[in-house]
**Q** 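Sharing a structure here in structure tokens format.
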Amino acid sequence: MSKLFEKLTLRGVELKNRLWVSPMCQYSSVDGMPTDWHLVHLGSRAVGGAGLVVVEATAVSPEGRISPDDSGIWTDGHSEAFRRITSFIKSQGSVAGIQLAHAGRKASTYIPWKGNGKIDVADGGWQVVAPSPIKFAGNFPEPREMTIADIEKVTEDFVAAAVRAVDAGFEVIEIHAAHGYLFHEFLSPLSNKRTDKYGGSLENRMRLPIETVRQVRKAVPENLPIFVRISATDWVENAWDLEQSIELCKRLKDEGVDLIDVSSGGNVVDARIPVGPGYQVEFAREIRKRAGIATGAVGMITDSHQAEDILQKGDADAIFVAREFLRDPYFAIRAAQELGGGLRAPKQYGRAIEIAIASAEAAT
Ligand SMILES: Cc1cc2nc3c(=O)[nH]c(=O)nc-3n(C[C@H](O)[C@H](O)[C@H](O)COP(=O)(O)O)c2cc1C
């Protein structure tokens with residue numbers, strides 16, 4: 001029996017397999033509202049057999065959006081709009097998750113097909129905030145240094161967003177602390193030059209993400225798992241790195257986090273990242289081993305055998321896949337055929353896909 005198609009139970013939630021859709025911005029929202037695009041896009045991946053479908057980075061406040069077209073969950077109207085999406089995902093035997101996010105100094109930027117870099121306030125952008133007034137890159141917005149009141153409001157916004165997400169029917173909450181967005185900006189000494197209790201020592205740099213996780217954990221039901229996505233390294237010297245990530249993950253485990261979704265990079269514009277098949281798996285392995293917490297591996301995992309091998313070696317507990325699920329929404333069904341995973345296609349598609357499974361089984 002393949003490990004990729006083994007169930008995983010986290011708190012009160014059973015995931016039918018360990019092949020999951022990684023959060024992916026669709027830049028297709030209006031005022032943060034999910035649209036028909038989201039229903040079809042996310043729904044298709046649930047139809048395609050993924051055990052968990054995680055909604056894109058969804059802003060906890062309007063100024064936390066990467067772009068004006070990002071999804072958001074800062075009003076009850078947003079959670080209402082997400083409800084039919086979670087309900088459809090669930091109807092396919094999949095679990096609906098959502099990534100809650102604040103983009104910090106990387107907010108107010110153009111979406112990939114409209115331009116790049118900052119959107120000026122005059123063109124519909126907004127004043128962005130960050131731990132310190134340091135730009136991400138030349139053509140990015142100039143951030144305003146956050147006050148203590150701003151920082152405390154971020155925690156409140158995450159808590160309110162998490163409660164709304166539960167209300168919308170999400171069963172996994174992922175907090176985005178990766179890719180150079182707000183929490184990663186607090187963690188990394190490159191973007192956090194504060195001299196108050198939120199900057200300087202590792203303890204101080206971890207304070208905001210940990211405090212936020214603590215408050216979110218208190219606010220959502222006990223039986224609901226919380227994930228945190230981190231960047232395990234900035235990929236440059238004297239910056240955020242694996243050792244600090246391991247410390248952070250130990251602390252997150254103590255706060256009741258159930259799984260770390262282990263990515264990397266995003267906070268240094270010219271970092272040299274050795275991108276290649278499974279290039280971030282080593283971080284998932286080290287965090288799993290040394291922090292003693294479940295991990296999800298992500299990054300250029302595109303093949304069923306590659307995914308299976310990562311789990312068989314004990315490098316991670318689950319696999320997040322992004323682009324391969326865009327190329328093939330039925331990647332999970334295909335992987336099950338290749339590995340003998342026992343995952344069946346929806347009955348509506350049986351005449352096309354069950355035959356393929358039957359013939360694959362006959363051939364073995
Ligand atoms: C279109 C697109 C949008 C993305 N949006 C997000 C996002 O909202 N949140 C996030 O943490 N990562 C995001 N990512 C990163 C992916 O989740 C994933 O970590 C990355 O693409 C590496 O996995 P892959 O090689 O399977 O694509 C995005 C990637 C793509 C391709």
Side-chain angles (χ1 to χ4, degrees), residues 4 18-29 32 34 37-38 41-42 44-45 48 50 52-60 64-73 82 96-104 106-107 109-114 116 161 165 170 172-185 187 209 226-233 235 259-267 273-284 295-304 306-307 310 316 318-329 331-332 334-335:
L4 196 60
R18 295 155 186 250
L19 185 49
W20 300 347
V21 178
S22 197
M24 279 181 278
C25 289
Q26 297 298 296
Y27 310 110
S28 301
S29 297
W37 175 263
H38 293 89
H41 160 70
L42 298 160
S44 302
R45 272 89 204 150
L52 170 69
V53 178
V54 184
V55 173
E56 68 195 75
T58 297
V60 299
R65 290 173 296 173
I66 304 166
S67 79
D69 308 279
D70 281 24
S71 73
I73 188 156
F82 272 116
I98 186 167
Q99 186 184 55
L100 301 180
H102 189 302
K106 288 170 87 175
T109 56
Y110 281 104
I111 66 173
W113 55 91
K114 284 191 188 162
N116 60 55
F170 289 105
V172 168
I173 306 288
E174 175 167 287
I175 293 176
H176 200 348
H179 301 169
Y181 297 117
L182 188 69
F183 287 153
H184 185 180
E185 291 161 20
L187 293 170
I226 295 179
F227 297 0
V228 177
R229 173 166 271 199
I230 66 161
S231 282
T233 175
W235 293 109
L259 182 138
I260 306 291
D261 174 2
V262 187
S263 188
S264 75
N267 201 33
I273 304 179
V275 177
Y279 71 107
Q280 296 172 149
V281 173
E282 61 177 299
F283 303 125
T295 59
V298 66
M300 291 198 69
I301 303 168
T302 54
D303 174 86
S304 59
Q306 179 195 12
I310 292 164
I319 305 293
F320 286 94
V321 167
R323 287 165 291 181
E324 192 58 22
F325 266 124
L326 294 187
R327 288 185 280 265
D328 178 4
F331 176 47
R334 176 158 55 88

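In each ligand, atom 1 is the first atom listed, and ligand 1 is the first ligand listed.
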**Q** If you measure from each non-hydrogen atom of Arg229 to ligand 1, which part falls under 4.0 Å: side chain, backbone, both or neither?
**A** side chain

**Q** Pull out every atom of ligand 1 sitting under 4.0 Å from any heavy atom of Gly299, numbered as shown with elements.
**A** 22 (C), 23 (O), 25 (O)

**Q** Report yes if Cys25 has an N/O atom closer than 3.5 Å to an N/O atom of ligand 1; otherwise report no.
**A** yes

**Q** If you count the atoms of ligand 1 from 1 in the order shown, which ones are under 4.0 Å from a heavy atom of Val298?
**A** 18 (C), 19 (O), 23 (O)

**Q** For the residue pair Arg323 and Met300, establish whether any side-chain heavy-atom pair is separated by less than 4.5 Å.
**A** yes

**Q** What is the nearest protein non-hydrogen atom to atom 20 (C) of ligand 1, stated with its residue, atom name and distance?
**A** Ala322 CB, 4.1 Å

**Q** Starting from atom 6 (C) of ligand 1, what is the nearest protein heavy atom, named by residue and atom, and what distance separates them?
**A** Pro23 O, 3.0 Å

**Q** Please report the closest heavy-atom contact between Asp261 and Pro23, naming both atoms and the distance.
**A** OD2-CD, 4.5 Å

**Q** If we count only N and O atoms by modelled type, under 3.5 Å, do the side chains of Ser264 and Thr233 hold a donor and an acceptor together?
**A** no

**Q** Counting from 1, what ligand 1 atoms have a heavy atom of His179 closer than 4.0 Å?
**A** 10 (C), 11 (O), 12 (N)

**Q** So Ile273 and Tyr279, side chain to side chain contact (heavy atoms under 4.5 Å, CB included) or not? Walk me through it.
**A** CA-CA 9 Å; Ile273 304 179; Tyr279 71 107; 3.7 Å; yes

**Q** Identify which one of Glu174, Arg229, Gln99 satisfies the side-chain hydrogen bond (donor to acceptor under 3.5 Å, both in side chains) criterion when paired with Ser22.
**A** Arg229

**Q** Based purely on interatomic distance, does His176 place a nitrogen or oxygen under 3.5 Å from a nitrogen or oxygen of ligand 1?
**A** yes

**Q** Checking a contact table here: which protein heavy atom is nearest atom 2 (C) of ligand 1, and how many Å away?
**A** Met24 CG, 3.7 Å

**Q** Given Phe227 and Ile173, is the side chain to side chain contact (heavy atoms under 4.5 Å, CB included) satisfied, shown in steps?
**A** CA-CA 6 Å; Phe227 297 0; Ile173 306 288; over 6 Å; no

**Q** Pick one of side chain, backbone, both or neither for how Gln99 approaches ligand 1, counting any non-hydrogen atom pair under 4.0 Å.
**A** side chain

**Q** Examine Phe320 against ligand 1 and note whether any of their N/O atoms are separated by less than 3.5 Å.
**A** no

**Q** In sequence, state the C-alpha distance, the side-chain angles, and the governing distance for Glu324 and Ile301, and then conclude on side chain to side chain contact (heavy atoms under 4.5 Å, CB included).
**A** CA-CA 8 Å; Glu324 192 58 22; Ile301 303 168; over 6 Å; no

**Q** Any idea which atoms of ligand 1 are less than 4.0 Å away from a heavy-atom of Ser22?
**A** 16 (C), 17 (O), 18 (C), 19 (O)

**Q** What heavy-atom pair brings Ser263 and His179 nearest, and what distance separates the two atoms?
**A** OG-NE2, 2.6 Å

**Q** Indicate yes or no: does an N/O atom of Ala57 lie under 3.5 Å from an N/O atom of ligand 1?
**A** yes

**Q** Hey, are the side chains of Asn267 and Glu185 touching, using non-hydrogen atoms and a 4.5 Å cut-off?
**A** yes

**Q** If the cut-off is 4.0 Å to any non-hydrogen atom of Arg323, which atoms of ligand 1 fall inside it?
**A** 21 (O), 24 (P), 25 (O), 26 (O), 27 (O), 31 (C)

